Each structure stands twice: as C-alpha cells, then as structure tokens.
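Contents: one structure, followed by commentary.
Bear in mind that the values here come from a model prediction, so they are computed numbers and not experimental data.
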Amino acid sequence: MSKQPAETVNENPVSGEDGVRSAIAAAIHQLGAGDGVTIDLRPLPFEGTWGVATSVSHALAGERAQQELTASGQLADKSKKEIKKLTSDRARVLSQEIAESIVASLRQSDAFATVEAANGYVNITFDANVVASSLISTILSNGDAYGAGAARTERVMVEHSQPNTHKVFHIGHFRNTALGVSISKILAHAGYPVTEATYPGDIGMHVIKALWCYRSFHLGEEPANPDERGRWLGQIYAESDARLEYRNDVLDLLNTVSKDDPHIATAIDRLLKLLWREHADTEDIAYLMGRFTTPGEVKEDELIDDGTIEAFWPILGAYLQAEAEREPVHLEIEGANGHVEPSTTPQERYDSWLELDEHRDWWAQVPAWKEAIKATFQAWEAGDADLIAQWQTTREWSLADFRRIFDELGAHFDVWFFESEVEEEGKEIVKVLLDAGIAEISDGAAVVRIDEKLGLTDEVYRTLPILRSDGTSLYSTKDLALTRRKFEDYHIDRAIWVVDVRQSLYFKQIFKILELWGFEQAKASYHLPYEIVVLPDGVISSRKGRAPLYDDIRDQVLQRAREIIAEKNPSLSAADREQTAWQVGIGSLKYAMLARDNNKIVVFDIDEALSFDGHAAPYIQYAHARACRILENAKWNRDTVAGPEGFHLDFGAIEPSELSLLQELGRFPEEVQRAADQYRPLLIANYAFELARRFNDFYHACPVIQSEEPVRTARLALVDATRVTLRNALALLGIEAPEVM
C-alpha cells in the first residue's frame with residue numbers, strides 16, 4: 001500500500017466502516033462485478049492520516065483471471081503449479097486495473113478527501129476536519145442513542161438471574177445478573193426488541209431441606225426485620241446441608257489426612273491402639289489401619305460399627321493439634337507419580353477438625369435426619385397444607401430480597417417465571433411427546449433419544465431423560481414447558497439463556513427436542529454460558545455457607561470506594577460522596593464480571609476492581625468525570641456553537657492524539673453491533689477502556705480550555721462527544737457514569 005499523490009475530491013464525507021463499505025460496494029456493482037464479495041478494510045498505516053485501505057480488488061482479480069484464462073484455453077493441459085502461476089501473474093495486472101476503476105467510480109461521489117489505487121489496493125483518506133465535524137455532530141445530536149442500530153423485527157427474550165429461593169445470593173450469582181443486564185442492553189441498542197425474564201428456582205430438594213431445617217430447629221426464630229429474612233433463610237439452607245452432609249465432611253477430612261499428612265502412616269498404629277482401648281470394633285480398626293497405610297478411602301458403608309468414627313474423632317483431633325503445633329518442616333508425600341505437594345497444611349487440617357468438632361453430636365443424628373427429609377418430601381408431594389403455607393411465606397422472604405438486589409443492580413424484568421408454575425405443564429408436555437413418538441419409556445423413565453431421532457450415527461446430543469420413573473419432574477420437564485411459553489405466549493423469535501457453562505450440553509438437548517417437536521424458533525435459541533467466580537483464596541461454595549454474599553462484598557467495595565473518593569476529592573459534599581461511591585463501587589463490581597470473556601473464570605479482587613489506573617471501571621468513570629469537569633470549567637454550551645446542520649469545526653493541523661480519539665469514537669456503532677452478534681459484553685468493556693485511554697492521551701497532549709479559537713471550540717466539542725460516548729458505553733454495561741469523582 002505505498003503512498004502516492006492523488007487527486008483531492010470535494011468535501012461530502014462518508015465516515016465509518018459501514019459507509020465506506022457501502023460506497024465501495026456501489027462502485028463494484030457499477031463495474032458489474034463481484035456482487036456479494038467481502039470488502040475488507042484496514043486503517044491506513046500512514047502517520048497522521050485518517051483513512052482506510054481495501055484489498056477487495058485482489059479478490060475480484062483472482063476470480064476474473066481464472067475466468068479469462070479458462071475461457072481463452074490458456075489453462076488447458078497445464079499442471080496445478082503452472083495454472084497457479086499463470087493465474088497469479090494475470091491477477092496481479094488485473095488487480096491494479098480493477099482498483100483504478102473503483103477509484104474512478106468513488107471519485108464521482110465527492111465523498112472522500114483523496115482516493116488512490118496503489119499496487120492493487122484502494123486507499124481512501126478523509127478530510128479530518130470535515131469528517132470530525134460530521135462525526136461529532138452525529139454523536140451530540142443523537143446523545144443517548146449514539147451507537148444504536150436500525151430497528152429490527154426479530155423479538156428476543158433474554159432469561160438471566162435465576163437464583164434459587166431459600167438460598168443466599170452470592171457473588172457468583174452476581175456475574176449472571178451482570179451478564180444478563182448487559183447483553184440485554186446491548187441487544188436493545190443494536191435495534192432488537194428485547195424482553196428480559198428471570199426464572200427463580202422456587203421448588204426442589206433445596207427447598208425441602210431448607211423447610212425441614214426451619215421447621216425442625218428454627219421455627220419462630222426469624223428476624224424481626226423483614227428485610228433480613230431472605231439472607232437468614234439462605235443461612236438456614238446452608239445449615240441444613242451442613243447437617244445432612246456432616247458424615248461425608250467428617251470422612252472427607254479423614255481421607256484428606258490420609259492423603260496429605262506425611263506422618264500419619266507411622267502414627268496410625270499408636271492412634272488405633274488408643275481407639276482399641278475405647279472398645280471399638282476390631283474389624284473396623286483393621287479396616288482403618290489399611291486405609292491409612294495403603295491407598296484407598298474410608299467409606300461409611302464399609303464400617304461395621306456406627307460408633308467407630310465417633311470414638312476415633314477425639315483421638316484424631318489430639319493428633320492433628322499436635323501436628324499443627326509441631327515446628328513446621330517442609331515434607332513431600334508419596335504419590336502415584338513420585339513426590340507431591342500436600343494440598344493442605346497441618347493447621348488447615350486441624351482447623352477443619354475444629355469446625356466439624358463444634359457439631360460432634362450431629363454424627364449420630366444424620367440417618368434420622370435423612371429419613372425426616374424423605375418424610376418432608378412426601379408431605380410436599382401430598383400437598384400438606386401447613387408445609388405449603390410455610391413454603392409460600394419463606395419463598396416471599398427470598399423473593400423480596402431478590403427484588404431489592406435486582407433493583408440495586410439495575411435488573412428490571414418484564415417477566416417473572418417460576419419453576420413451580422411450569423411443573424405440571426411440563427408433565428403434560430411429556431405425555432404429548434410420548435404420544436408423538438418423540439419420547440419413549442426406558443426403565444420406567446420418559447426419555448428422548450435425540451441422536452436416534454435426528455438420524456445421527458455419532459453420539460452428539462445423546463439421550464435426555466424428561467420425567468423420572470416415579471412420575472416426578474426433572475429440570476428438563478420444566479424447561480420444556482418454560483420454553484414453549486416463551487415461544488407461544490410471548491411470541492419470541494429468539495430465546496437466550498444466561499446459565500453457567502456446565503449446562504451447555506443440556507441446553508443443546510432442550511433446543512433439539514423442541515425442534516423435533518416443531519418449534520422453528522428453537523434453531524435460533526442460544527445458551528450464553530459463563531464460568532464461575534472465585535476469590536483469590538479459592539472457589540465459592542454455597543453449600544457449606546462459605547460463599548461471600550453479594551451484600552457483604554458490596555459493603556466492602558462501597559466502604560473502600562468511600563475512602564478512595566474522600567481522598568481524591570475531599571471537597572465533595574457527604575451526599576455527593578455517597579452517590580459517587582455507590583456509582584464507583586457497583587460499577588467496579590460489574591466491570592470485573594464483564595471485562596473477562598464469559599467462558600473464563602473470574603478471580604475477583606477488590607483492589608484490582610477499584611483501580612483508577614488499571615483495566616477497571618473507575619479508570620473509565622474518572623475519564624468521564626474529567627470530561628464533565630473540563631466542559632463545566634469552560635462553560636461549554638454546545639447549542640451556541642452548533643448550526644442548523646451541526647458543527648463546522650476546525651482543529652487546524654490535527655494532532656495524532658486527536659485523530660486517535662476521533663477514530664475510536666467512530667468505531668462505537670460497529671462495536672455495538674459486533675457485541676450483539678457475538679453476545680460478548682467484553683467487547684464493550686474493552687472498547688470503553690480503550691476510549692478512556694485515548695481520551696487521557698489526548699487530555700495530556702492537547703490543551704483544551706487554553707487553546708486559541710477555533711481550535712478551542714473544536715476540542716471542547718471533541719470532549720463533549722467523548723463524554724457522551726463514554727456514558728453510552730458504560731450504560732451498555734449497566735454502569736453509571738459519575739460527573740464528579
């Protein structure tokens with residue numbers, strides 16, 4: 001793409017890649033060649049030049065060369081190598097000829113500053129002042145609508161934020177909500193009519209466990225403040241699971257000690273002699289000896305005496321305490337592939353023992369509790385009035401908490417679906433699928449052999465059970481009913497589910513069953529998967545009650561944000577400081593979830609999330625606040641500057657940082673469409689960061705208020721356009737743009 005002198009044409013600018021592509025496509029059509037060919041564009045690599053280049057002539061030349069040489073018979077009896085050389089030589093000549101023809105056509109439109117043909121490339125440059133005026137006029141006249149796409153007719157439903165009632169709302173759920181809100185906003189800005197839906201899990205075994213624990217141990221203890229009951233109920237669920245899983249957790253610790261402790265093999269003989277004095281079963285003692293000296297796990301059903309572990313528990317605790325207090329020595333343990341590092345430290349093992357020891361009396365009660373769970377489930381299935389009433393009451397505690405959290409996060413739903421509403425409907429659908437021959441009975445359960453129904457010989461979609469043999473529902477039972485509602489009751493053309501990555505195969509199966517049933521919309525359905533969120537010290541687990549709650553993380557982030565804002569801008573009023581801290585704190589949380597691809601694990605770190613210098617929301621928000629401050633100090637009033645046809649700006653000899661910022665502003669509409677097409681809020685997160693970075697470069701390189709006219713007005717208009725675009729990009733992420741920080 002060598003730079004050559006070229007003819008200058010009149011100033012009737014076309015800006016943006018779509019506009020350039022349209023102009024080139026019209027030129028190609030005028031030549032009667034290559035309709036439908038891909039028109040590639042790349043920025044011109046010339047310093048201080050605003051323009052693009054395309055190699056479309058090369059693509060057209062290759063096709064035409066092949067046709068010409070074939071028609072003339074010059075390729076007959078030639079080897080592949082000879083054909084390739086002849087075609088290449090002819091295409092090289094034709095590419096320049098075609099490029100010159102395209103250039104001649106483009107010059108007729110008076111749309112570009114310069115247009116040239118060089119080595120088969122078409123190079124197009126813009127008059128920076130003319131295009132900048134047009135771009136800034138477009139941004140400021142559109143305001144919040146800048147970047148929006150043309151209206152579409154395809155109706156889209158985004159289902160996201162599906163927390164289970166009777167459980168806590170933790171930081172892992174937060175990622176789902178952040179993704180769902182953002183992709184909904186991006187699709188709407190791209191022109192689609194979007195319906196947002198949520199689908200809380202309000203029935204299932206987790207509800208049975210929570211109700212059992214509440215009724216058995218905490219009835220009448222609920223907090224007096226209704227706002228605290230949802231979180232309290234989530235803690236009740238965590239307790240129920242801890243009680244029911246107590247034996248498994250104890251055995252897990254025993255097996256961890258066996259695997260990680262390098263001294264246990266030599267100490268076990270002494271420990272088991274102490275156990276023998278407690279009159280434990282001798283066969284159990286021999287069993288434990290084998291498990292602690294050779295590879296293998298201690299299993300509950302392999303023990304003879306139910307009291308053996310209870311008797312061994314304090315002996316193990318004394319040993320673990322001694323190991324934790326021993327002078328630390330680095331030791332590796334023997335593994336299948338040689339020496340390996342232990343996964344836990346002596347102190348961690350002893351801490352686990354202490355945690356479990358607080359509830360030593362639970363061991364003997366677990367079998368009875370599991371029977372009580374079965375009885376509670378049977379009462380639920382029988383429609384026990386008292387149980388149903390308690391379910392309705394406690395369900396509302398959770399839903400009230402969810403509504404409060406969703407409101408804080410800007411998640412406003414058009415439709416609330418509930419698992420409890422579609423269960424019976426799902427069972428009726430199973431009957432329909434059985435009658436239609438789509439489903440069949442296998443070992444008493446209703447299943448769909450999807451690959452077989454599709455005529456596939458390879459295993460792709462496998463077989464999906466859709467009803468248990470005892471007639472109780474599965475997730476699939478309810479999802480089939482839910483999806484039919486979306487298509488039939490809400491007339492959705494495309495349904496999107498924001499659900500974690502572990503459900504990817506499952507949703508493919510659901511979509512295919514609906515296709516087999518005759519729903520064409522299922523072909524356009526999409527599962528937007530996302531990976532888990534972890535803290536720097538490990539994976540989040542709601543079962544054991546150690547998941548960081550959204551409220552707790554939010555409070556920590558807000559407190560840190562208050563401190564940072566107070567330090568950076570001590571003159572802010574208390575009200576403004578609180579509002580700004582909220583905008584920065586919640587924004588930093590959301591950006592941390594969105595600035596990483598949804599299929600990547602997020603390691604959430606508060607310090608990184610609140611960085612004013614790194615790839616984080618505060619950096620972008622501060623750029624917006626800085627733009628607002630510049631405009632306020634300059635007493636900028638765009639209405640007194642813009643004419644009836646927009647701005648006519650003069651930047652003079654445009655600076656590289658100005659050009660870079662203008663080019664980035666012009667990319668926003670295309671980036672919105674790309675993010676919508678790919679379901680990737682990450683693209684907008686990256687765009688917002690890059691725009692903020694280029695604005696900061698411009699701010700440090702180019703005086704604004706101190707500049708002489710007409711450059712001062714041009715730069716203030718550029719700052720205003722940047723402010724609008726930064727605000728719009730942040731809005732698509734569900735993040736507020738503070739005016740002061």
task = Measure the shortest side-chain to side-chain distance between L474 and P465 over non-hydrogen atoms and say whether it is less than 4.5 angstrom.
result = yes
| Short N-O contact, R403 and E396, less than 4.0 angstrom | yes
Can we say D500 and R502 salt-bridge, meaning some charged N sits less than 4.0 Å from an Asp/Glu carboxylate O?
yes
inquiry  = Could you tell me if N164 and Y237 have a donor-acceptor pair between their side chains, going purely by distance under 3.5 Å?
reply    = no
Just so I know, are the side chains of H527 and K508 near enough to count as touching, which here means a heavy-atom distance under 4.5 Å?
no
Taking NZ, NE, NH1 and NH2 as the nitrogens, is one of them in R243 or D249 under 4.0 Å from a carboxylate oxygen of the other? no
Salt-bridge test for K478 and E419: reply yes if a basic N is under 4.0 Å from a carboxylate O, no otherwise.
-> yes
_Lys/Arg-Asp/Glu bridge criterion (N-O < 4.0 Å) met for E578, R562_ = yes
task: Would you kindly check if the NZ (Lys) or CZ (Arg) of R175 is within the cone defined by 45 degrees around the ring axis of F604 and under 6.0 Å from the six-membered ring centre?
output: no
When rounded to the nearest 0.5 Å, the distance separating OG1 of T165 from CG of L399 is 6.5 Å
Item to check | Contact check, side chains of Y619 and S611, non-hydrogen atoms, under 4.5 Å | outcome: no
Under the criterion salt bridge (charged side-chain N to carboxylate O under 4.0 Å, His left out), I'd like the reasoning laid out for D551 against R554: C-alpha separation, chi angles, the key distance, then a yes or no. CA-CA 5 Å; D551 286 342; R554 178 206 59 196; 3.4 Å; yes
Between the CE atom in M593 and the OG atom in S182, the distance rounded to the nearest 0.5 Å is 13.0 Å
- Over 12 foreign heavy atoms within 6.0 Å of OH, Y526: yes
Handout entry: Basic-acidic side-chain contact under 4.0 Å: K209, D241
Key = yes
| request: For atom NZ of K486, decide whether the heavy atoms of other residues, nucleotides or ligands shown that lie under 6.0 angstrom number more than 12. | output: yes
With a 4.5 Å heavy-atom cut-off, do I203 and F418 have their side chains touching? no
Does the E428 side chain pair with the main chain of E424, one donor and one acceptor, at a distance under 3.5 Å?
no
_From CA spacing to verdict: side chain to side chain contact (heavy atoms under 4.5 Å, CB included), K374, K370_ = CA-CA 6 Å; K374 292 179 183 178; K370 290 186 175 180; 5.7 Å; no
Can you check whether L464 reaches I510 side chain to side chain, under 4.5 Å on heavy atoms? yes
With heavy-atom distances below 4.5 Å as the criterion, would you say the side chains of Y214 and E221 are in contact?
no
Open item on the list: Check whether R596 reaches the backbone of V602 with its side chain - one donor and one acceptor, N or O, closer than 3.5 Å.
Closed with: no
Quiz item: Can you tell me if H160 and E196 form a side-chain donor-acceptor pair at under 3.5 Å?
Solution: yes
Angle class for the H615/F689 ring planes (parallel below 30°, perpendicular above 60°, tilted otherwise)? parallel
task = Consider only side-chain N and O atoms of D261 and Y319, and report whether a donor and an acceptor are under 3.5 Å apart.
result = yes
### Query
Would R404 count as a cation-pi partner of F169, with NZ or CZ less than 6.0 Å from the six-membered ring centre and within 45° of the ring normal?
no
Practice item. Quick one: do W313 and W353 satisfy ring-ring contact (aromatic ring centres under 6.0 Å, His included)? Show the steps, please. Key: CA-CA 9 Å; W313 186 250; W353 183 90; 5.5 Å; yes
Self-check item: Electrostatic pair E300-R247, nearest N-O below 4.0 angstrom
Solution: yes
Centroid separation F217 to W212 less than 6.0 Å: yes
Value for CD1 (I735) from CD (Q621), rounded to nearest 0.5 Å, stands at 6.5 Å
To the nearest 0.5 Å, atom NZ of K259 lies from atom CG of D252 at 10.5 Å
- Item | Salt bridge present between D607 and R560 (N-O < 4.0 angstrom) | yes
For this session: Side-chain contact test, heavy atoms from C-beta onward, threshold under 4.5 Å: evaluate it for E408 versus Y550 and give yes or no.
Result: yes
- Do the non-hydrogen side-chain atoms of L480 and L514 ever get within less than 4.5 Å of each other? yes
I'd like to know if E425 pairs up with R484 as an ion pair, taking the criterion as any Lys NZ or Arg NE/NH1/NH2 lying under 4.0 Å from an Asp or Glu carboxylate oxygen. yes
